[in-house]
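Okay, so here's the structure we're looking at.
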Amino acid sequence: MNRIKHNKLKKNKRLKGCLIIISIIIILIVLFFGWFWWSMKTSHGKAEKDRVKYSKECDTITFITEKPSITIGKFHKTEIDELKFYIIRNNSIIQDTLIKYKITKTDDYLYTNIPFGKFKKSDTIIVETKNKKYFTISNFHHYAYLHYGMFGYLGSHDCRFDDENYMVNGKSSNGYLLKEDGLDNVIIPAQ
């Protein structure tokens with residue numbers, strides 16, 4: 001009888017030991033996931049604060065060096081096979097250039113870039129088509145691109161050109177210059 005009691009006590013001790021080990025493992029798992037969730041939440045909050053802070057910093061960049069992309073559409077190919085670009089600063093032409101394109105499709109979109117390697121963010125770019133439609137492009141910006149890893153925000157950033165957010169003919173645009181939006185009369189200052 002003593003032996004049976006002794007075996008029961010031994011089994012109870014093993015059961016208690018197993019339950020304690022399982023409990024410790026469950027607590028460690030819960031603590032790990034709790035820490036992970038807390039880390040993600042605080043990372044998200046820090047990212048939002050940093051986005052505002054670094055966007056202000058990035059907006060202090062004064063020169064555009066990225067050659068912004070534009071799309072010219074709803075023109076006949078003979079109307080846009082030559083485009084003249086002007087940089088206007090303080091009501092004066094700083095630089096101009098004529099670009100000729102080889103367009104193979106009759107009525108299609110022309111995807112191109114503003115051909116100037118460097119200009120001020122405050123400059124206005126004028127695009128003139130062969131049939132004298134004009135587009136004024138202005139209000140260029142940079143924004144903070146935050147770096148993320150597998151577990152959230154890494155705490156670093158770089159400044160990138162906002163390639164799809166500027167003004168075309170005084171209206172917010174994503175870089176599309178459509179024939180019906182072109183201006184017929186734009187005063188281009190003397191050089």
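Values reported hereafter were calculated over all heavy atoms of this structure, with side chains retained and with hydrogens, waters and symmetry mates removed.
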message: Just verifying a value: how many Å separate T97 OG1 and I114 CD1, rounded to the nearest 0.5 Å?
response: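 Atom-to-atom, T97:OG1 and I114:CD1 are 12.5 Å apart.
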- request: Would you check, one step at a time, whether the test salt bridge (Lys or Arg N to Asp or Glu O under 4.0 Å) holds for K77 with D81?
  value: CA-CA 6 Å; K77 71 178 184 176; D81 61 357; over 6 Å; no
message: Show every salt bridge (Lys or Arg N to Asp or Glu O under 4.0 Å) that has at least one partner inside residues 142-156, sequence neighbours left out.
response: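 Matches after skipping sequence neighbours: none remain.
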Closer than 4.0 angstrom, basic N to acidic O: yes or no for [X] and [Y]?
X	Y	answer
K132	E128	yes
D59	K121	yes
R160	D158	yes

Minimal non-hydrogen separation, [X] against [Y], with atom names:
X	Y	result
S138	T124	CB-OG1, 4.0 Å
L178	F75	C-CE1, 4.1 Å
I125	F116	CD1-CD1, 4.1 Å
F140	I64	CB-CD1, 3.8 Å
I137	Y166	CG2-CD1, 3.5 Å
F161	H141	CD1-O, 3.3 Å

So, [X] versus [Y]: side-chain donor-acceptor pair below 3.5 Å or not?
X	Y	value
S92	N90	no
S69	N113	no
Y176	D181	no

query: Relative to each other, are the rings of H157 and Y54 parallel, tilted or perpendicular (30° and 60° limits)?
result: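 Parallel.
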same_hphob_cluster(F85, M167) at 4.5 Å side-chain heavy-atom cutoff: no
- request: Answer with yes or no whether the hydrophobic clustering places Y148 together with Y143; edges join I, L, V, M, F, W, Y residues whose side-chain heavy atoms lie under 4.5 Å apart.
  value: no
- request: Using atom types as modelled and distance alone, determine if a side-chain donor or acceptor of S55 lies under 3.5 Å from a backbone N or O of V52.
  value: no
message: Keeping N165 on the side-chain end and N174 on the backbone end, is there a donor-acceptor pair under 3.5 Å?
response: no
query: Do the side chains of Y101 and L110 get nearer than 4.5 Å, heavy atoms only?
result: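 Yes, side chains in contact.
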- prompt: E79 and K133: salt bridge (Lys or Arg N to Asp or Glu O under 4.0 Å), yes or no, with the steps?
  reply: CA-CA 9 Å; E79 296 173 309; K133 286 283 186 184; over 6 Å; no
